[in-house]
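Protein chains get the first letters and strands the later ones, always in sequence-line order, with residue 1 at the start of each.
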Amino acid sequence: MDIANITNTVPTDDLLSDLNESQRQAVTATEGPVLILAGAGSGKTKVLTRRIAYLIAEKKVSPFHILAVTFTNKAAGEMAERIEYLIGHSVKRLWIGTFHSIFGRILRLEADKIGYKKNYTIYDTDDSAALIKTAMEHLKISTELYPVNQIRARISSAKNRLITPAQYQQQAESPVDAKAAVIYEEYEKRLKSANAFDFDDLIVKPILLFENHPDVLGFYQNAFRYIHVDEYQDTNHAQYRLIRMLAKDHQNICVVGDDDQSIYGWRNADITNILHFERDYSSIRIFKLEQNYRSTKNILQVASQVVRNNKYRKHKTLWTEKEKGEPVVVIDCDSDKQEARAVVEAITESIHEEKRSFSDFAILYRTNAQSRLIEEQLRTAVIPYVIVGGLRFYERKEIKDVLAYLRLINNPADQVSLERIINFPTRGIGKTTLDKIKNYAERLRQPMYAVLDRIPLTNGLDLSPRTVQLLRDFNLMIAKYRELKDQMLFTEWVRILLEETGIIKLYRQENTIDALNRYENIMEFLNAIHDYTLRFDAEAAQEDILSAFLKEVSLVTDIDEWNDKKNTVTLMTVHSSKGLEFPVVSMVGLEEGLFPLENATEDIKELEEERRLFYVGATRAQKRLRLYFARKRMRYNTLYNATPSRFINEIPEDLIEWQQSVSNEQQSFFNDYRRKQARAKTQFPYTDRPIKKTIREKSNVYDGDDTRAIKTAFRVGQRVEHPSFGSGTIIQTEGRGDKQKLTVQFLNGDEKKLIVKYANLIVR
DNA sequence: ATTGGAATGTTTTTT
DNA sequence: ACATTCCAAT
């Protein structure tokens, strides 16, 4: 519906009446640069939606002139819905979405201007690693000396800092950087010839487009007269530059963020974007939203007291009118398994005694790997749960294989997809054949698909008649489906494609649980496609269903699909929980080395990010916050001793209630263990704190973890002592378990390779 | 070219 | 523990 058709304009009062003073000011300050510093739970989403509704309903701005960048697609959907509700009619042409989806869309519209075709493919992290690997093989750079993923991270980081391959080459300081620069250049070439963008390109390429085409930039500057960016603290340099370009003339830019919730530094997010906003724009107005509407006083206190230990932050004080509430509970568990039991037990109890529903609970952890034990316990207790994140549906091997067919049909130049499926399911086109074609294509400076198209008229491509036939069959099949696509129902088309390729047969024949799983996933995928066809609006999309579907699939995340209306317990990483809230939050694994993560404890910036992560997790809780740590934890299939997280020690004593959770079978082991600890003089700061309550495990049998020897983690940089060589530092580790070997540099300068099993090392 | 077993890497977080 | 990749045998 067009803005001119509005009949029932909403009175401004309704949009502003239930806001507090600073929220109201933030909503109505529509002109000029605005920075909204919004603490956790201070209603920033509310402010953003009201502001946009206010612009449309009160200031009569067309939705077409409003840009709103959110952190997830889900948030975008919810905001759009909310805005429609507020103004009483649908808003069709509002630009709302994530950076990646909005600028992906713009790239599709303007693709031809930068030498791309509309039907480009979006490569995810795995795809781009695959392409980098091919590039390295071509350049004869060893992937053993230069791990592909490390190179990929460097290239990605350079891209996000808007450094070109040539510039990177110039300022390369280490040999790795020099290599990375060369690979970067080759990688870019290959991306382009595959008509593909990686995730970073969706931000970086629009910048180049705008720089080289002032008219295009002018068009979007004019379109986006009012710009909003949510979660501004998590934008990176490229995103910052992109927004600055667009806001340059009108300066109507409103950014919302909280420096305490900046948790994506590792993804090149640049916290200074928010800290320096004042420097970047002139005559800005700053609004602070400091009243929290989400959590009890106790919860808020815990979160604030921990995060205030950070040095690099803007000062602000969150407060709440809510009641003091229950004390935050810290649960001291003897093992990770016991931790899982305790979490689930507390949930069961709370459901029975407080009549809570499953959806009131979230279990948050630092790493995805921690979900498994908890899942097991939830299953045993027959509690329904969903896991957000981890191995995402569209990243599963079988789904990626299917997607590769669709992508190749959509974009013939998509080399990564072609190589993925040309011999999957196996059809007799092996490595030798593939190498021949690749070399041939390279000699003639032609894309691989062009060579395939010309077979058998390819002189000098020395292939057996059988192979030629196989290649032709494959090529004809792809061509056939390209042809067939517009002649039948999309779902049906995909189904017969999967039948003919043999993927379905492959998994149906093989009688293993794994194959069955994959088969079911493919069926689920077909359902997802079917759902999509029902949703698909050809006119609005202005593109064919296949490319629209592929684009959506590349940018959808688990959190987008997570449904808060389902009555289940939710499990996810603290990262994924950003922006969400739950009545009861259990954070698990609060141990040194895990949360904060080992690698992050060295560098103060990284440690502070971990602390902010704790802050984000804690502030998800509305009524109850439960913090768990375990004293023994299995990692990498080895049992480790653990000590409670420093973040727990940073919480003032009077805010916490301590509990202990020990399994019966573990009691004696536990005592024994505590004695040993005492002997080792490893006093934990909490041992003399009062322990108010002990939960005892009743009948569960603990299955044998205690029979394993507790091993010590050996990591590069660690100091160790050898009975005869004295003390030294680990400079390399290889292998695991009994076969683990360490290279240790001793004080006298000698380097020795030692087998852990026999070396009798003592960690210092 | 395909297969199966061994070796190796992976777990930090994600658009 | 799990998955992918490597390598040798067929």
Side-chain angles (χ1 to χ4, degrees), chain A residues 69-76 97-104 122-126 128-130 133 143-144 147-150 153 156 159-160 197-204 231 234-236 238-239 262-269 364-373 388-392 394-397 423-434 464 466-467 470 514 553-560 572-578 589 593-601 606 609-610 612-614 616-617 633-639 733-737 739-740:
Chain A
V69 184
T70 59
F71 201 69
T72 62
N73 294 306
K74 181 167 182 279
T98 61
F99 268 106
H100 293 84
S101 68
I102 287 174
F103 290 96
I122 299 171
Y123 281 172
D124 70 14
T125 312
D126 286 345
S128 67
K133 199 174 167 212
T143 51
E144 274 181 35
V148 173
N149 274 319
Q150 200 190 326
S156 171
K159 277 193 171 188
N160 283 315
F197 290 121
D198 64 17
F199 279 139
D200 302 321
D201 284 339
L202 298 183
I203 313 298
V204 175
E231 306 284 8
D234 285 325
T235 53
N236 63 35
Q239 291 166 335
S262 159
I263 53 175
Y264 284 95
W266 54 273
R267 208 171 73 188
N268 298 306
L364 308 182
Y365 34 79
R366 178 66 242 265
T367 65
N368 283 306
Q370 289 166 257
S371 70
R372 222 198 72 244
L373 280 180
V388 177
L391 216 207
R392 277 177 289 282
Y394 291 110
E395 282 169 12
R396 283 160 211 260
K397 184 194 169 294
N423 197 32
F424 182 87
T426 48
R427 48 172 75 87
I429 304 171
K431 197 173 179 307
T432 328
T433 309
L434 207 58
S464 71
R466 192 184 92 101
T467 312
L470 292 169
D514 183 65
V553 158
S554 314
L555 297 177
V556 72
T557 68
D558 259 25
I559 201 84
D560 296 330
M572 63 184 138
T573 62
V574 186
H575 279 93
S576 298
S577 76
K578 193 169 79 159
L594 182 60
F595 197 172
L597 219 49
E598 174 95 46
N599 318 1
T601 50
E606 286 180 42
E609 184 154 309
E610 296 284 313
R612 291 193 293 270
L613 199 53
F614 175 87
V616 167
R633 180 171 300 273
M634 262 304 208
R635 286 179 84 188
Y636 311 102
N637 207 23
T638 316
L639 199 60
T733 70
E734 59 191 298
R736 263 173 319 278
K739 286 178 194 142
Q740 189 175 33

Short side-chain N/O contact from A:S101 to OP1 or OP2 of B:dT15, under 4.0 Å: no
For A:L555, report the nucleic acid contact type (base, sugar-phosphate, nothing); a contact means any heavy atom under 4.0 Å. nothing
Would the base of B:dT15 count as contacting A:R267 through its side chain, where contact means a donor and an acceptor less than 3.5 Å apart? no
Is any side-chain nitrogen or oxygen of A:T573 closer than 4.0 Å to OP1 or OP2 of B:dT12? no
Once hydrogens and angles are ignored, does a donor-acceptor distance under 3.5 Å link the base of B:dT15 to the side chain of A:T125? yes
Check this one for me: any side-chain N or O of A:N368 less than 4.0 Å away from OP1 or OP2 of B:dT13? yes
Is A:N73 near enough to B:dT15 that one of its side-chain N or O atoms lies under 4.0 angstrom from OP1 or OP2? no
Listed pairs, N/O of protein and of nucleotides 4-8 of chain C, under 3.5 Å:
none

Checking all strands, does A:D124 fall into the base, sugar-phosphate, or nothing category for heavy-atom contacts under 4.0 angstrom? nothing
Between A:W266 and A:N149, whichever has its closest DNA chain B nucleotide further toward 5' is A:N149
Between C:dC6 and B:dT11, how many Å separate the two C1' atoms, rounded to a whole number? 22 Å
Using heavy atoms to find the nearest nucleotide of DNA chain B for A:T433 and A:V556 separately, return the residue whose nucleotide is more 5′. A:T433
Whole-angstrom distance between C:dT5 and B:dT12, as gauged at atom C1': 23 Å
Under 4.0 angstrom between A:S576 side-chain N/O and B:dT14 OP1 or OP2: yes
